[in-house]
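To start, the structure itself, in structure tokens.
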Protein chains: 2
Amino acid sequence: MARRNTLQQQAIRTAIESAGRPLSVQEIHDLASEDAPGLGLRTVYRVVNRLLDDGIIAPVIVPGQQDRYELARIAAKHHHHFRCERCDRVFDVHACPSGLQKLVPDGFVMTDHTIVLHGRCAECI
Amino acid sequence: MARRNTLQQQAIRTAIESAGRPLSVQEIHDLASEDAPGLGLRTVYRVVNRLLDDGIIAPVIVPGQQDRYELARIAAKHHHHFRCERCDRVFDVHACPSGLQKLVPDGFVMTDHTIVLHGRCAECI
DNA sequence: ATACTATTGGCAATTCATTGTCAATAGCGG
DNA sequence: CCGCTATTGACAATGAATTGCCAATAGTAT
């Protein structure tokens, strides 16, 4: 039978779409639980995996942290991340420095790069 | 009683000092086993933790990988890393791009940053 | 050389994120 | 409104990295 449009899935999608930043499974669970009381962590994992399979969201990997997820259409645009060391939230940074090619050792070939800025977000100053 | 100077600890320190790049526990075990046959993984964990406590080595965290370790005196010098997507080794990059401050969102304060370049190392071209 | 004990290494146990299982629940077509 | 079954959620189970435990080993002071 066809997909069903459930309260839980709506809450999870809404959380991811309205956050404006990459969310961990725990963060998704916390936010979506407001719209879907009693939401199970198991369900968040299930829905996140389905959204990944469907290509709707993409993983954001930050060193030393569990994976986070953001909308694929945002992830598709090259960007980087800022992690607040106080509240542990991760924010998008839609800019990219120049001159990275100069860092590459002789004989090496760079195909991609990731940058994570660390510090305090505006709310945690 | 005082510290003892064992073959295993020597082999582990030598591996870390001569590698010239951050090593994972597995890599340390593989390299040090040449000097200390039968070296147990348990011992590598123990010695690595002691070296961390003593401030002799420092962790290097790379997205989606297990922790690696390098000499603290090298880690103290600001630098970045290059991860080869074929052999999975991580190399030091002793340079840093300018203009990162421009990436910081308004109201945020950046205290540090990490950059990981991805691609092929000279041996894996 | 001897005795003392720091260190080692095999294996079990832990930790933590993630997944399997399955009975109960709740969309949705008819 | 009914019935079918996709979905949910509690719990157990898994996987992978790390640590606890403890008898055996091996530095080192005397």
Side-chain angles (χ1 to χ4, degrees), chain A residues 1-17 19 22-54 56-70 83 88-90, chain B residues 1-17 22-70 83 88-90:
Chain A
M1 190 170 285
R3 292 281 170 82
R4 290 181 184 178
N5 193 17
T6 67
L7 176 63
Q8 290 86 346
Q9 291 181 36
Q10 284 298 336
I12 290 169
R13 293 199 53 150
T14 299
I16 295 173
E17 288 171 9
L23 299 179
S24 66
V25 168
Q26 284 298 336
E27 287 175 320
I28 293 170
H29 181 257
D30 293 345
L31 289 171
S33 288
E34 296 174 12
D35 290 345
L39 176 65
L41 195 55
R42 184 71 186 85
T43 298
V44 178
Y45 276 107
R46 232 177 334 230
V47 174
V48 163
N49 283 337
R50 174 175 288 187
L51 293 173
L52 281 171
D53 287 345
D54 292 348
I56 294 172
I57 62 177
V60 173
I61 304 176
V62 174
Q65 307 259 307
Q66 55 193 108
D67 286 359
R68 293 159 193 274
Y69 304 92
E70 66 185 354
R83 186 177 78 84
D88 257 347
R89 291 185 297 178
V90 172
Chain B
M1 191 171 285
R3 292 280 171 83
R4 293 182 182 177
N5 192 17
T6 66
L7 174 65
Q8 290 86 346
Q9 291 181 35
Q10 283 298 335
I12 290 170
R13 292 198 55 150
T14 299
I16 296 174
E17 288 172 8
L23 299 179
S24 67
V25 168
Q26 284 297 336
E27 286 175 320
I28 294 170
H29 181 258
D30 292 345
L31 289 172
S33 288
E34 297 175 12
D35 291 345
L39 177 65
L41 194 56
R42 184 70 188 85
T43 298
V44 178
Y45 276 108
R46 227 175 341 227
V47 174
V48 164
N49 283 337
R50 173 175 289 187
L51 293 174
L52 282 170
D53 288 345
D54 292 347
I56 294 173
I57 63 176
V60 173
I61 304 175
V62 174
Q65 307 260 307
Q66 56 191 105
D67 286 359
R68 293 160 192 272
Y69 304 92
E70 66 185 354
R83 186 177 80 85
D88 259 348
R89 291 185 298 178
V90 172

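Everything quoted here is computed from the prediction, not taken from an experiment. Lettering follows sequence order; numbering is per chain, from 1.
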Any donor and acceptor pair, going by atom type alone, linking the side chain of T43(B) with main-chain N or O of L39(B) inside 3.5 Å? no
May I ask you to verify if any side-chain N or O of N5(B) is less than 4.0 angstrom from the OP1 or OP2 atom of dT28(D)? no
In whole angstrom, what separates L41(B)'s CG from dT8(C)'s C1'? 13 Å
It should be established whether Q9(B) places a side-chain nitrogen or oxygen under 4.0 Å from OP1 or OP2 of nucleotide dT8(C). yes
Starting from the first five and the last five pairs of the helix from dA1(C)-dT30(D) to dG30(C)-dC1(D), work out the angle between the resulting helix axes, to 10 degrees. 40°
Taking only residues two or more places apart in sequence or in another chain, which ones pass salt bridge (Lys or Arg N to Asp or Glu O under 4.0 Å) with D88(A)? R83(A)
If you round to the nearest 0.5 Å, how far is CG of L23(B) from OH of Y69(B)? 11.0 Å
Any side-chain N or O of T6(A) under 4.0 Å from OP1/OP2 of dA6(D)? no
Within the structure provided, determine whether R89(B) and E27(B) are in side-chain contact (heavy-atom separation under 4.5 Å). yes
Scan residues 30-40 of chain A against DNA chain D and write down, sorted by residue number, each residue with any heavy atom closer than 4.0 Å; if none is found, say none. G38(A), L39(A), G40(A)
Counting distance alone, no hydrogens or angles: does the base of dT5(C) have a donor or acceptor under 3.5 Å from a partner atom on the side chain of R4(B)? yes
Establish, with yes or no, whether the OP1 or OP2 oxygen of dT28(D) is under 4.0 angstrom from a side-chain nitrogen or oxygen of R3(B). no
Would you say the side chain of R42(B) and the base of dG20(D) hold a donor-acceptor pair, judged only by whether the two atoms sit under 3.5 Å apart? yes
With a 4.0 Å limit, can you tell me whether Q26(B) has a side-chain N or O closer than that to the phosphate oxygens OP1/OP2 of dA17(D)? no
Is any side-chain N or O of Y45(B) closer than 4.0 Å to OP1 or OP2 of dT18(D)? yes
Contact between R3(B) and D54(B) at the side-chain level, heavy atoms closer than 4.5 Å - yes or no? yes
Considering only heavy atoms from C-beta outward, does the side chain of D67(A) approach that of V60(A) to under 4.5 Å? no
Side-chain N,O (Q8(B)) to OP1/OP2 (dG9(C)) below 4.0 Å: yes
Grab the two heavy atoms, one from R68(B) and one from P22(B), that are nearest each other, plus how far apart they are. CB-CB, 3.8 Å
Report which part of the nucleic acid T43(B) touches: base, sugar-phosphate, or nothing (heavy-atom distance under 4.0 Å, all strands). base
Closest non-hydrogen atom pair, H29(A) against S33(A): O-OG, 2.6 Å
Any I12(A) side-chain heavy atom under 4.5 Å of L31(A) side chain: no
Under 3.5 Å, is there an N or O donor on one side and an acceptor on the other linking the side chain of R46(B) and the base of dG9(C)? yes
